[in-house]
Amino acid sequence: IVFLLALTAAALVHCAIGSGDFRVVNGYPAQHKQFPWMISMYHCSASILDETTILTAGHCVCNNPPSVMIAGIINAHEKSSSRQEISVSRIIVHPNYQQSCGRVHEYDAAIVKLSRPLQFNEYVKPISINCGDEPQSGTRIINMGFGADENNKYDVLKYGHNSLTNCYGGYLCSPRSPNHVYFGDSGGPVVRQTSQGYEQIGVNSGIGSYSLYAATHKFCVWSKQYMG
């Protein structure tokens, strides 16, 4: 899916969803328990906010809503004892994104509610989201998602280290080097390290001249009303 967006500097932008040999390019395979907040869903990724609340990208759910969320895994096809697979009960797309379905957008966010609670353990845990400051250029980040790996095996969790940079259109951005998100990573979190641990500051939204992330501080209040 390709769109030409009329931004401050026009760029050819892809939503980070789809099929093919697409992944966190030049990233690393994740280990079990390394990122316990990760969720695998059809063609996309997501993060756990609490036992029944999942955060993902709006373009992951507005046209093709998922029916199941999978937690506790680093490969969506593994049948490990840590795997938790729970059906979806409700999907709420951010109101500022509802008219932009399928496009990269600074409010590219959605909440997915589960039909029953996740069981938290060392493999499945929530991540807090940034509700305060706007992360600045130079902030060290980790981006992650369930895109395909280098052997074209889908649904493998990979991650990469990078830094935020100045860009356009109200997004958080990072360079395409040394790594970047791509198709299949949509909805996954971009996180930073704080004194209290990891904190999610963005949602993987698209790829153009930069990796583009919807910033959580812009929709934190909206998302928290659906938690619990």
Side-chain angles (χ1 to χ4, degrees), residues 1 15-20 22-24 29-94 97-98 101-102 108-127 129 143-149 152-159 181-191 200 203-206 214 216 219 223 225-228:
I1 305 172
C15 290
I17 180 174
S19 60
F22 303 133
R23 59 208 182 273
V24 175
Q31 303 300 309
H32 278 294
K33 301 184 282 187
Q34 187 174 8
F35 305 118
W37 53 81
M38 286 301 297
I39 289 283
S40 174
M41 52 188 281
Y42 182 67
H43 282 329
C44 278
S45 306
S47 56
I48 301 169
L49 301 188
D50 66 22
E51 290 92 338
T52 60
T53 311
I54 308 300
L55 176 63
T56 190
H59 76 261
C60 286
V61 300
C62 59
N63 280 327
N64 190 17
S67 59
V68 171
M69 301 282 111
I70 305 172
I73 48 90
I74 55 175
N75 184 318
H77 305 292
E78 69 179 89
K79 302 299 181 183
S80 63
S81 59
S82 62
R83 181 187 180 101
Q84 297 185 43
E85 191 166 332
I86 300 180
S87 61
V88 172
S89 66
R90 185 185 180 196
I91 295 173
I92 309 101
V93 177
H94 193 283
Y97 186 77
Q98 290 173 356
C101 187
D108 186 5
I111 292 293
V112 178
K113 296 297 293 183
L114 302 178
S115 61
R116 58 181 174 84
L118 291 162
Q119 300 300 308
F120 285 167
N121 53 45
E122 59 185 341
Y123 296 93
V124 180
K125 297 178 182 179
I127 187 168
I129 61 173
N143 49 43
M144 58 196 72
F146 279 94
D149 67 13
N152 205 26
K153 294 180 180 178
Y154 295 90
D155 302 323
V156 174
L157 178 59
K158 299 191 76 174
Y159 69 98
V181 298
Y182 214 51
F183 294 134
D185 294 319
S186 277
V190 56
V191 307
Q200 182 172 352
V203 174
N204 293 335
S205 181
T216 61
F219 51 82
S223 63
Q225 68 182 306
Y226 298 105
M227 294 176 64

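Evaluation of the salt bridge (charged side-chain N to carboxylate O under 4.0 Å, His left out) rule for Arg83 yields Glu85 as partners, not counting sequence neighbours. Under the ring pair (Phe, Tyr, Trp, His ring centres under 6.0 Å) criterion, Phe120 pairs with no residue, sequence neighbours left out. Contacts of Ser89 classified as side-chain hydrogen bond (donor to acceptor under 3.5 Å, both in side chains), with partners at least two apart in sequence or in another chain: none. Scored by the side-chain hydrogen bond (donor to acceptor under 3.5 Å, both in side chains) test, Gln84 finds no partners at all (sequence neighbours excluded).
Ser40 places no side-chain N or O within 3.5 Å of a backbone atom of Asp155 that could act as its donor or acceptor partner. The main-chain N or O of Val190 is never found under 3.5 Å from a side-chain atom of Asn143 such that the two would form a donor-acceptor pair. A side-chain donor-acceptor contact under 3.5 Å links Ser45 to the backbone of Phe146.
Between Met38 atom CE and Ile48 atom CD1 the span is 9.0 Å, to the nearest 0.5 Å. Once rounded to the nearest 0.5 Å, the distance linking CG of Leu157 with CD1 of Ile73 reads 7.5 Å. For the atom pair Ile86 CD1 and Leu114 CG, the distance stands at 5.5 Å (nearest 0.5 Å). Here the OG atom belonging to Ser223 is positioned 6.0 Å from the CG atom belonging to Leu49, to the nearest 0.5 angstrom.
Smallest separation of non-hydrogen atoms from Ser47 and Gln200: OG-OE1, 2.7 Å. Summarising the geometry of Tyr97 relative to Gly58, their closest heavy-atom pair is CE2-C, 3.5 Å, with the distance given to 0.1 Å. Closest approach of Ala57 and Asn204 over heavy atoms only: CB-O, 3.9 Å. Closest of all the heavy-atom pairs between Tyr123 and Asn121 is N-OD1, 2.7 Å. Here the shortest heavy-atom pairing between Ser205 and Asp108 reads OG-OD2, 2.7 Å. For the residue pair Lys158 and Pro29, the shortest heavy atom distance occurs at CE-N, 4.1 Å.
Each of Gln34, Gln31, His32 was compared with Ile74 under the side-chain contact (heavy atoms from CB on, under 4.5 Å) criterion, and only His32 meets it.
The stretch residues 48-58 participates, sequence neighbours left out, in these side chain to side chain donor-acceptor pair (under 3.5 Å) pairs: Asp50-Thr53, Thr52-Lys113, Thr53-Lys113.
For the 3.5 Å distance criterion, the side chains of His59 and Ser186 qualify, holding a donor opposite an acceptor.
Looking at heavy atoms from C-beta onward, Ile91 lies out of side-chain contact with Ile111 at the 4.5 angstrom threshold. Put simply, the side chain of Phe35 does not reach to within 4.5 Å of the side chain of Val191, judged on heavy atoms.
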In a table with atom names and distances, give each donor-acceptor pair under 3.5 Å that connects a side chain of residues 61-70 to protein atoms at least two apart or in another chain.
none

